[in-house]
Amino acid sequence: MDFCEWRALLARAAVAAALVVPASAAAKECGGAVACACGDAVRGVAMLEGDLLGCATGLRVKDHAVLDCDGHAIVGDGDGEGVVVEGERSVVRDCTVSGFRTGIRLRAGGGHLIAYNDVVGNARYGIELAVATTGNLLLGNAVLDSGDEGVHVGTAADHNVLVDNEIAGSGKENLYLLDVRGCLVAANRLAGGGSAAMYVKHSAGNVFAGNEVDDRPIQLRGESDRNVFEGNVLRKAGFLFQAYEDEERGWKGPRENLVRRGAVRDAKTCFRFDGATDNVVSGVLTDGCAPVAQKKAGGIAPTGNVVDVVRE
């Protein structure tokens, strides 16, 4: 679905909103022979037969359920959540979700598959992983034009996998990892946005491999340690490793992260270390950027960083 198509859906939703019965008055369980409407809870297997427009709230997907939108849209009235996934091992696929505060929200539980959805034009987050949801796979989604963050991976949402997604045009960060462990972020395409392509804060032991990043940096902040960046290609942006202060931790800087192979092209600086220590860059191709800049931050000197690049 392109920009014009989803804008047309939002316009239709605005007209339909006045005719929609509030979700709390008519919500039911749907799936199988029971068609879904705004505010329903999906049980079993549900396939949409048409668009759901003007939703105050979208759909809730319960344990072991499948929501297959078959290319149809779930469009909000500007607030609420489009699809909330709860429990264990559910599937959300082939949906267009737009016009909500948050497009798709995974809440606790885990083991879900979120695949081949277009999550476009939501006011806060496109996709949110919340309340320590773990072991989910986000595959082949387009998350575009989110008001704040494209994909937010929240505290303790560990061991999640993001593969082959397009995340672009977010108001702030395209991908934000906050205090998480053991996630895999691979073969995604990130472009544009208000600040960082990837913002990794207080997160450790994650792997970022084979991603393509345009226009915005990869930024590690605070207590972000022992992350691995393998074979990523950055254009018009570099890496920033930056100390950060909060009330609980005080000043902490990224440590012992590894950036290996891949490329950084046409950035002002390829690698910046502001109060970051003992990080290693090895075998990265660089072109059109100063290889490294370092400075003290929060009283932390940038010591022990090793940068071994290959100039194109």
Side-chain angles (χ1 to χ4, degrees), residues 1-3 5-6 61 66-71 73 82-83 85 89-98 102-106 110-122 125-129 133-146 149-154 157-170 173-177 180 182-193 196-200 203 205-218 227-237 239 259-265:
M1 175 170 289
D2 64 21
F3 180 84
E5 289 174 324
W6 80 257
V61 179
V66 175
L67 171 61
D68 184 344
C69 293
D70 195 29
V83 178
V85 187
R89 298 187 179 280
S90 294
V91 176
V92 177
R93 65 187 178 216
D94 200 17
C95 301
T96 294
V97 185
S98 63
T102 296
I104 299 176
R105 187 172 194 252
L106 283 63
H112 305 298
L113 173 62
I114 310 300
Y116 305 111
N117 302 287
D118 292 338
V119 187
V120 183
N122 295 286
Y125 300 149
I127 300 177
E128 180 185 12
L129 283 67
T133 184
T134 60
N136 303 289
L137 172 58
L138 276 59
L139 173 65
N141 302 285
V143 185
L144 309 176
D145 301 325
S146 304
E149 298 164 22
V151 178
H152 179 89
V153 185
D158 300 334
H159 304 294
N160 292 291
V161 176
L162 289 75
V163 175
D164 193 29
N165 302 284
E166 179 184 0
I167 313 172
S170 305
E173 297 84 9
N174 280 322
L175 172 62
Y176 191 139
L177 274 65
V180 298
C183 292
L184 171 63
V185 178
N188 301 284
R189 300 164 302 285
L190 300 93
M198 299 183 190
Y199 186 87
V200 182
S203 296
N206 303 287
V207 175
F208 305 81
N211 300 286
E212 296 184 12
V213 174
D214 289 310
D215 305 320
R216 299 294 184 270
I218 294 177
N227 298 286
V228 175
F229 294 83
E230 176 76 41
N232 301 283
V233 175
L234 284 67
R235 292 175 287 262
K236 298 183 180 179
F239 285 84
V259 182
R260 187 167 52 195
R261 291 187 283 271
V264 180
R265 298 186 175 97

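Any value given below was found using the heavy atoms of this structure, including those in side chains, with hydrogens, waters and symmetry copies removed.
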### Query
Rounded to the nearest 0.5 Å, what separation is found between the OG atom of S98 and the CG atom of N122?
6.5 Å
## Note on the structure
Note: G126 and S146 closest approach over all heavy atoms is N-OG, 3.4 Å
### Query
At what distance, to the nearest 0.5 angstrom, does CG of L138 lie from CG of L162?
4.5 Å
### Query
Within a strict 4.5 Å, meaning less than it, do heavy atoms of the D164 and R189 side chains meet?
yes
### Message
Would you call the rings of H152 and Y176 parallel, tilted or perpendicular, taking 30° and 60° as the class edges?
### Response
tilted
### Query
Looking at CG of L106 and CD1 of I127, how far apart are the two atoms once the value is rounded to the nearest 0.5 Å?
8.0 Å
### Task
Any chance you could measure I167, atom CD1, to E173, atom CD, to the nearest 0.5 Å?
12.0 Å
### Query
Quick check: does any side chain N or O of N206 sit under 3.5 Å from a backbone N or O of C183, one acting as donor and the other as acceptor?
yes
### Task
Say whether, by atom type as modelled, one donor and one acceptor occur between the side chain of N227 and the main chain of S203 under 3.5 angstrom.
yes
### Query
Got a sec, which pairs hit salt bridge (Lys or Arg N to Asp or Glu O under 4.0 Å) with one end in residues 206-217, sequence neighbours left out?
E212-R235, D214-R235
### Task
Report yes if some heavy atom in the side chain of M198 is under 4.5 Å from a heavy atom in the side chain of N211; otherwise report no.
yes
### Message
Quick check: closest heavy atoms across F208 and N232, and the distance to 0.1 Å?
### Response
O-ND2, 2.9 Å
### Message
Restricting to non-hydrogen atoms, name the atom on H112 and the atom on S90 that form the minimum distance, rounded to 0.1 Å.
### Response
ND1-N, 2.9 Å
### Message
Using side-chain heavy atoms (C-beta onward) and a distance below 4.5 Å, is N165 in contact with V151?
### Response
no
### V97 vs N117 side-chain heavy atoms within contact, under 4.5 Å
no
### Task
Could you list the residues that satisfy side-chain contact (heavy atoms from CB on, under 4.5 Å) with A157, not counting sequence neighbours?
L129, T133, V153, N160, V180
### L184 CG to H159 NE2 distance, which is reported to the nearest 0.5 Å
12.0 Å
### Query
Donor-acceptor pair, D94 side chain versus G71 backbone, under 3.5 Å?
yes
### Query
Is any side-chain heavy atom of V61 closer than 4.5 Å to a side-chain heavy atom of V83?
yes
### salt bridge (Lys or Arg N to Asp or Glu O under 4.0 Å) involving D68 - partner list, sequence neighbours excluded
R93
### Summary
For A237 and P217, the nearest pair of non-hydrogen atoms, with its separation, is CB-N, 3.6 Å
